[in-house]
Amino acid sequence: QLQLVESGGGLVQPGGSLRLSCAASGSTLDYYAIGWFRQAPGKEREGVSCISNSGVDSVYATSVNGRFTIARDNAKNTVYLQMNSLKTEDAAVYYCAVRRNVPRIFQQWCSSPLRKNEYDNWGQGTQVTVSS
């Protein structure tokens, strides 16, 4: 059973940086596109970024484009989210998930915008707090 574990969250000042990790166990990630989502208190879970199975293709939400970078290391079964120039509005619990709830041929690729109902095997999340 594929399980994802997010890590790397924490408290950072506005303008600071964090790198989140999404590590998989129980199976390999290399067939799938992987998405990052976030959920702030009282808000819907929203898509942040996605990376295709090979790492060639990636998409970003408009709100993070140019500040966040997604990457993956299939040898380490891990996906990363580098977050720079953080803003208070980036504060949320960040989750990673596998794009599995689509026909198999599409599971390798990202959609834009990200649709959370297309994703499965959600991790438990990691808290990102941006505050001075």
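Computed from heavy atoms alone, side chains included, the values below leave out hydrogens, waters and symmetry copies. Computed from a predicted model, the values in this text were never measured in an experiment. One-based numbering along the sequence shown.
Taking the six-membered ring where the residue is Trp, Phe37 and Tyr119 present perpendicular rings, their angle passing 60° and hence far from 30°.
Looking at Asn121 and Gln1, their side chains come closer than 4.5 Å, going by heavy atoms from C-beta outward. Counting only heavy atoms from C-beta outward, the side chains of Asp90 and Phe68 approach each other to under 4.5 Å. In this structure the side chain of Arg99 reaches within 4.5 angstrom of the side chain of Ser111, judged on heavy atoms. Side-chain atoms of Val102 and Trp109, non-hydrogen and from C-beta on, never get closer than 4.5 Å to each other. With a 4.5 Å cut-off on side-chain heavy atoms, Val130 and Val12 count as touching. In this structure the side chain of Arg100 reaches within 4.5 angstrom of the side chain of Leu2, judged on heavy atoms. Counting heavy atoms from C-beta outward, Glu6 and Leu20 have side chains that stay 4.5 Å or more apart. Contact annotation: the side chain of Ser49 approaches that of Leu81 to within less than 4.5 Å [non-hydrogen atoms, C-beta and beyond].
For Arg38 and Tyr94, the side-chain atoms include at least one donor-acceptor pair closer than 3.5 Å.
Between Gly9 and Thr126, the shortest heavy-atom contact is N-OG1, 3.0 Å. Of all heavy-atom pairs spanning Val93 and Gly125, the tightest one is CG1-CA, 3.8 Å. Nearest approach of Trp122 to Lys116, heavy atoms of both residues: CZ2-O, 3.6 Å. Summarising the geometry of Gly8 relative to Leu18, their closest heavy-atom pair is O-CD2, 3.8 Å, with the distance given to 0.1 Å. Closest heavy-atom contact between Gln127 and Ala92: NE2-O, 3.5 Å. Between Ser85 and Ser17 the shortest heavy-atom distance is N-OG, 4.3 Å.
Within 6.0 Å of CD on Glu44 lie no more than 12 heavy atoms contributed by other residues, nucleotides or ligands.
Both Val64 and Ile51 sit in one connected hydrophobic cluster of ILVMFWY residues. Membership requires side-chain heavy atoms under 4.5 Å apart, directly or through other members. Note on Val59: it does not cluster hydrophobically with Phe106, by side-chain heavy-atom contacts below 4.5 Å among ILVMFWY residues. A continuous path of Ile, Leu, Val, Met, Phe, Trp and Tyr side chains, each step under 4.5 Å between heavy atoms, connects Val48 with Tyr32, placing both in one hydrophobic cluster. Residues Leu4 and Val79 are members of one and the same hydrophobic cluster, defined by side-chain heavy-atom contacts under 4.5 angstrom among Ile, Leu, Val, Met, Phe, Trp and Tyr.
A donor-acceptor pair is defined here as one N or O able to donate and one able to accept, closer than 3.5 Å; such a pair exists between the side chain of Arg72 and the backbone of Ser52. At least one donor-acceptor pair under 3.5 Å links the side chain of Asn77 to the backbone N or O of Leu29.
Within the cation-pi definition used here (under 6.0 Å to the ring centroid, within 45° of the axis), Arg67 does not qualify as a partner of Tyr60. The cationic group of Arg19 lies under 6.0 Å from the six-membered ring centre of Tyr80 and within 45° of the ring axis, placing it in a cation-pi geometry.
Atoms CG and CG, on Asn117 and Asn101 in that order, are 7.5 Å from each other to the nearest 0.5 Å. Put simply, CD1 on Ile70 and CD1 on Ile34 are 8.5 Å apart, with the number rounded to the nearest 0.5 Å. To the nearest 0.5 Å, atom CZ of residue Arg115 and atom SG of residue Cys110 are 11.5 Å apart.
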